[in-house]
Amino acid sequence: MAKLKNWTIEERDNLCILTLDLPKQRQNVLSSAVITELDQALDQIEKLEIKGLIVKSAKATGFIAGADISEFQQIETGQQAAEFVQFSNQVINRIESLTMPSVAMINGHCLGGGLELALACDYRVATDEPAVRLGLPEVKLGIHPGFGGTVRLIEIIGVRSAMDLILSGRTVIPYVAKKMGVIDLCVPTRQLERAAEFVIDKKPPPKQAGGIDKIINFGPARYLMAQYLKRQVSSKAKESHYPAPYAVIELWKEHGGNRGAMLKAEQQSISKLFTTTTSKNLVKVFFLQEQLKKIGKSGMGKSGMGKSCRDENFQHVHIIGAGVMGGDIAAWCALRGLTVTLHDRSAEALARATKRAHQLFSKKLKQPRLVERAMDRFQQDAAGNGVASADVIIEAIFENAEAKIGLFSALAKIAKPDAILATNTSSIPLETISAALPKPGRLVGLHFFNPVAKMQLIEIVRGEKTYAKVSARAAAFANRIGRLPIPVKSSPGFLVNRVLMPYVLEAVELLKQGLPASLIDKVATNFGMPMGPITLADTVGLDICYQVGENLTKSFGGALPELLKRKVNDGHLGKKTGQGFYTWEKGRPKKGWFAKGNMTSARQVDDIEDRLVFRYLNECIACLHEGIVENRSQLDAALIFGTGFAPFTGGPINHITDQQPAAMLERLKQLHNRYGDRFKPSSGWDEFVIKNLP
Amino acid sequence: MHSGRNVYLIDGSRTPFLKTAGQPGKFKAADLAVAAGRPLLTRQPFLATDFDEIILGCVAPTADEANIGRIVSLRLGCGESTPAWTVARNCASGMQALDSAATNIALGRSDLALAGGTESMSHTPVLFSTEFVIWLGRWAKAKTIPDKLKTLTTLKPSCLVPIIGLLRGLTDPICGLSMGQTTEKIAYNFGITREAMDAFAVRSHKRLAAAADEQRFAGELETIYDNDGNSYNEDDGLRRDSTMEKLAKLRPVFDKPTGLVTAGNSAQITDGCAWLILASDVAVNKYGLIPRAQITDSQWAGVNPTQMGLGPVHASTPILQRHSLRLNDVDYWEINEAFAGQVLGCLAAWNSEQYCKNQLGLDSAMGELNQDRLNLDGGGVSMGHPVGASGARIVLHALHVLERNQWQQAMATLCIGGGQGGAMLIQRSTP
């Protein structure tokens with residue numbers, strides 16, 4: 001028998017220990033090679049005279065992180081997909097059919113296919129480490145579980161909890177997994193091995209859902225439940241954009257309770273999903289995200305921004321300005337384990353920031369002990385003494401060039417020589433602020449987005465003089481606080497605001513023409529944006545929009561709509577004042593109903609959609625052309641994570657190429673003729689179309 | 001007198017002293033210590049992990065604050081390998097912490113220490129009676145419903161009356177007198193009048209008001225923040241409208257109905273913390289610290305528990321004798337104001353030939369202490385006396401008063417429930 005590369009089989013104490021250890025990999029994944037070898041391993045194990053099988057991982061970082069996603073990109077036909085899925089299922093079924101009891105010993109992350117493998121074992125025991133996650137996040141890649149996971153999870157924990165996990169793709173900590181019934185025992189790591197042997201010796205009845213869940217699984221109750229689930233899902237994602245969750249509901253609706261049929265249907269369904277554009281694009285997005293993470297880990301890529309930043313040890317962040325932005329950045333850093341000093345001369349501002357920090361910690365950490373630790377890391381610093389010991393210093397004061405210049409020249413005198421000096425400015429050129437520094441190259445932009453706790457992206461703004469090493473370290477810092485860094489050129493609006501502004505301004509133009517705000521927003525969300533442009537403007541604050549808009553029109557021409565000016569002058573600034581384009585109540589806009597009839601023919605809707613989207617896309621092409629970001633995949637990633645641009649499209653540039661660039665340019669030209677210079681194709685188009693000719 | 005190495009005071013901080021509002025305050029004792037300690041450590045040129053030890057005085061930590069010194073040390077980031085401990089000498093716990101830190105530095109066992117005291121009197125526990133606890137034990141053993149019912153009938157309503165831990169703590173278990181009553185006894189012995197006590201109290205408030213208005217605490221007081229969006233930067237026990245007329249209306253609370261000690265001329269029940277950083281010459285040189293004062297001597301003394309308020313007399317007199325100082329040779333005095341009557345009692349005792357001869361073994365009276373050099377910025381009566389913290393606060397504040405006035409020497413002293421006194425002599429360092 002050929003020696004296995006990924007698995008080891010060891011016999012001791014009348015037990016078989018089957019250990020997965022992918023050579024030279026940081027984590028275990030279920031590649032087709034791993035599954036093929038598992039099949040061979042089972043040939044041996046089936047012959048053993050033993051009391052039980054323990055499946056474990058040799059990686060300290062986790063059990064099995066899921067399928068090997070890089071293999072997904074090689075799947076081209078439904079046939080290929082079906083063969084892979086069918087074979088994998090045969091192997092997984094062999095574990096389930098073993099005559100001896102089997103237990104998955106989960107020492108760390110157990111996701112996707114990894115959890116499906118564990119579900120095929122009779123028992124699952126897991127460490128109680130709260131950093132560990134279990135779940136079936138397949139829907140996030142446009143597919144659903146395909147190794148029998150939908151069937152087994154429903155059998156084990158019941159349809160309600162199972163659908164909660166499968167449809168949302170959310171992952172849970174071991175303690176919650178235990179409460180849901182996904183695992184049999186949740187123990188400290190020191191007891192994990194003993195727990196695995198314990199269940200083999202005691203053979204408790206394997207977990208099975210009962211009660212209401214059993215009833216729902218049959219007859220009309222199942223149909224009603226399926227309807228309910230569909231409604232739930234449709235409020236989050238459209239079927240045409242994200243077919244996977246709908247497919248799971250359909251599988252269960254048709255075959256729930258009929259194991260064989262449902263297992264088979266699951267295989268067929270996932271094979272189909274593998275080849276959808278949505279899945280292809282979401283897999284792309286997954287790798288784009290990995291690419292951004294890598295920027296923080298290993299410097300900034302081709303643009304020559306320095307070497308590895310793996311050795312960075314950021315401990316203390318000093319933040320100046322306890323407004324909403326500064327305060328929330330401070331809270332986020334403390335949440336992520338850094339010591340924070342937050343400087344502001346106003347005790348009231350510090351007190352407000354402290355309250356918000358406490359709310360964030362309570363929501364995210366829940367346990368009072370952990371909340372207290374985080375509060376202890378979050379220090380109000382009215383005297384500004386934290387500067388001297390900080391590794392990273394972030395300025396988040398009001399947008400005034402003189403104030404910032406004065407501040408940074410003072411900071412540079414006190415700060416450690418290797419401290420990162422960063423500004424969160426969104427409108428003042430870095431070159432202006434850094435002019436007074438003895439070493440202007442020390443200044444970098446760390447442009448966070450509001451709300452800090454939700455927005456994953458940070459723009460790493462490189463001024464003309466910014467040292468490569470400094471921007472690389474700033475990216476490493478973004479990574480350290482669990483954020484995605486995107487290096488951008490210091491140019492007005494950087495990337496995200498630059499691209500969003502025309503889109504929002506077009507929405508205001510549409511408003512001016514008398515279209516209801518809620519219709520405009522609806523068109524945008526139907527396209528796949530997470531939030532309509534009018535709601536977005538109100539949420540960000542119309543004064544901020546105006547400020548950003550002014551900054552951009554100064555450099556790129558154009559004019560801001562009167563309507564926006566008027567709102568700002570009237571003090572109707574959006575969500576924060578309760579009145580903007582919408583009236584806001586309890587943090588929600590009052591949208592009202594718009595007449596669906598004659599006013600909004602399908603053609604009109606298409607026209608609205610195109611006007612919004614094309615202004616966005618046109619600006620993307622301009623940014624690419626001007627080299628605001630290094631390449632198109634970085635642009636796609638940044639705009640998906642920074643503006644929520646419909647992820648299933650794979651990002652704006654990917655969207656243009658999917659839709660044929662020449663045709664897109666043609667449509668833009670039409671809009672230009674009809675609506676004027678706002679739609680003038682930016683200079684990058686011709687080059688882009690030529691490069692992307694089929 | 002310390003016979004070992006020099007011990008320097010480098011820096012210090014305190015929270016505002018916050019009056020108890022009849023319910024547990026926003027900050028537990030450890031929270032206060034963290035809030036006062038963080039800004040203090042942030043402004044130092046050394047790391048929190050550079051301390052050799054952390055010593056914290058606290059009389060009544062809550063049930064989940066066992067060895068509160070260690071808890072605070074870890075929360076302040078002083079590191080797992082830095083030892084930390086808690087000391088208790090009732091009202092002098094904070095001063096005990098300083099003295100213990102100083103002793104270890106003097107002996108060469110440590111070079112850099114963080115020491116202070118903290119107390120959240122608003123968090124002192126409310127307890128079940130022993131009777132009720134015994135009943136609970138029986139209840140847990142009763143398994144069947146009839147048994148439970150039977151046990152239930154044995155529960156006397158009187159068992160359910162809670163015991164207020166704070167009142168127990170402020171009553172001497174040996175002599176049975178409350179702290180207020182010990183002051184009544186001193187007032188009786190020295191003929192101290194209600195008017196004198198009230199006048200002392202009014203002056204304490206006036207002095208604190210002036211000190212707050214002139215920002216005299218700026219160098220020692222740190223603004224603290226709760227989790228609900230409030231900040232605190234004033235000693236809120238201050239009653240700016242305090243007058244003799246108003247105080248005269250208050251009824252005695254300890255010797256009812258004819259006593260002299262009222263809520264108005266007693267220290268308030270308060271939450272607060274004070275810290276000091278102590279260093280040896282070695283640490284001073286290693287980290288480039290600037291010594292601001294030196295602890296030149298300290299003394300503990302025992303007195304009759306029923307007159308515990310006279311403790312300062314017995315603790316500071318031996319120091320004066322060792323250094324051949326008369327009362328007013330010391331530039332500045334902080335005598336903690338547990339009760340107005342008790343501080344006045346100390347002054348009366350020093351001024352009494354009989355007391356000095358019989359109790360202190362002196363040839364004559366020590367004389368009259370110049371009250372223009374005593375508690376210049378208010379004291380326990382106006383700002384409160386968080387028992388574990390006050391001993392550290394008066395040393396910290398004495399340091400600031402010396403610096404402000406360019407004076408040389410200060411004595412910080414306080415009385416201790418149970419019948420003791422503590423005193424510490426500091427000498428300002430001149431650069």
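Throughout, protein chains are lettered first and strands after them, A, B, ... in sequence-line order, and every chain is numbered starting at 1.
Checked for salt-bridge contact, A/D376 and B/R75 meet the test: a charged N lies under 4.0 Å from a carboxylate O.
The line from CD of B/Q44 to OG of A/S389 is 11.0 Å long, rounded to the nearest 0.5 Å. To the nearest 0.5 Å, atoms CG (A/D381) and OG1 (B/T223) are separated by 11.0 Å. A/E372 CD to B/I71 CD1: the interatomic distance, rounded to the nearest 0.5 Å, is 9.0 Å. Residue B/D31 holds its CG atom at 10.0 Å from CE of A/M375, rounded to the nearest 0.5 Å. Atom-to-atom distance recorded for B/L47:CG and A/Q315:CD is 10.0 Å, nearest 0.5 angstrom.
Contacts of A/T339 with chain B are absent, with no heavy-atom separation under 4.5 Å from either backbone or side chain. For a residue to count as touching a neighbouring chain, one of its non-hydrogen atoms must lie under 4.5 Å from one of that chain's; by this rule A/R377 touches chain B with the backbone only. If you measure heavy-atom distances from A/A347 to chain B, the contacts under 4.5 Å come from both the backbone and the side chain.
Under a cut-off of 6.0 angstrom, the local environment of CZ in B/R404 is crowded, with over 12 non-hydrogen atoms contributed by other residues, nucleotides or ligands. No more than 12 heavy atoms of other residues, nucleotides or ligands sit less than 6.0 Å from atom CD of B/E80. More than 12 heavy-atom neighbours from other residues, nucleotides or ligands sit within 6.0 angstrom of NZ on A/K416. The number of heavy atoms from other shown groups lying within 6.0 Å of CZ (B/F128) does not exceed 12. Environment of CD in A/Q359: crowded, with over 12 heavy atoms of neighbouring residues, nucleotides or ligands closer than 6.0 Å. The environment of B/L127 atom CG is dense: over 12 non-hydrogen atoms of other residues, nucleotides or ligands sit within 6.0 angstrom. Heavy atoms of other residues, nucleotides or ligands lying less than 6.0 angstrom from OH of A/Y175 number 12 at most.
Side-chain polar atoms of B/T42 and A/Q379 form a donor-acceptor pair below 3.5 angstrom.
Residues A/F378 and B/R38 approach most closely at O-NH1, 2.8 Å, considering heavy atoms.
Taking 4.5 Å as the limit, every side-chain heavy atom of A/K355 sits out of range of all side-chain heavy atoms of B/N227.
Note on A/R356, A/R352, A/R373, A/H316: by heavy-atom pairs under 4.5 Å with chain B, the leading option is A/R373.
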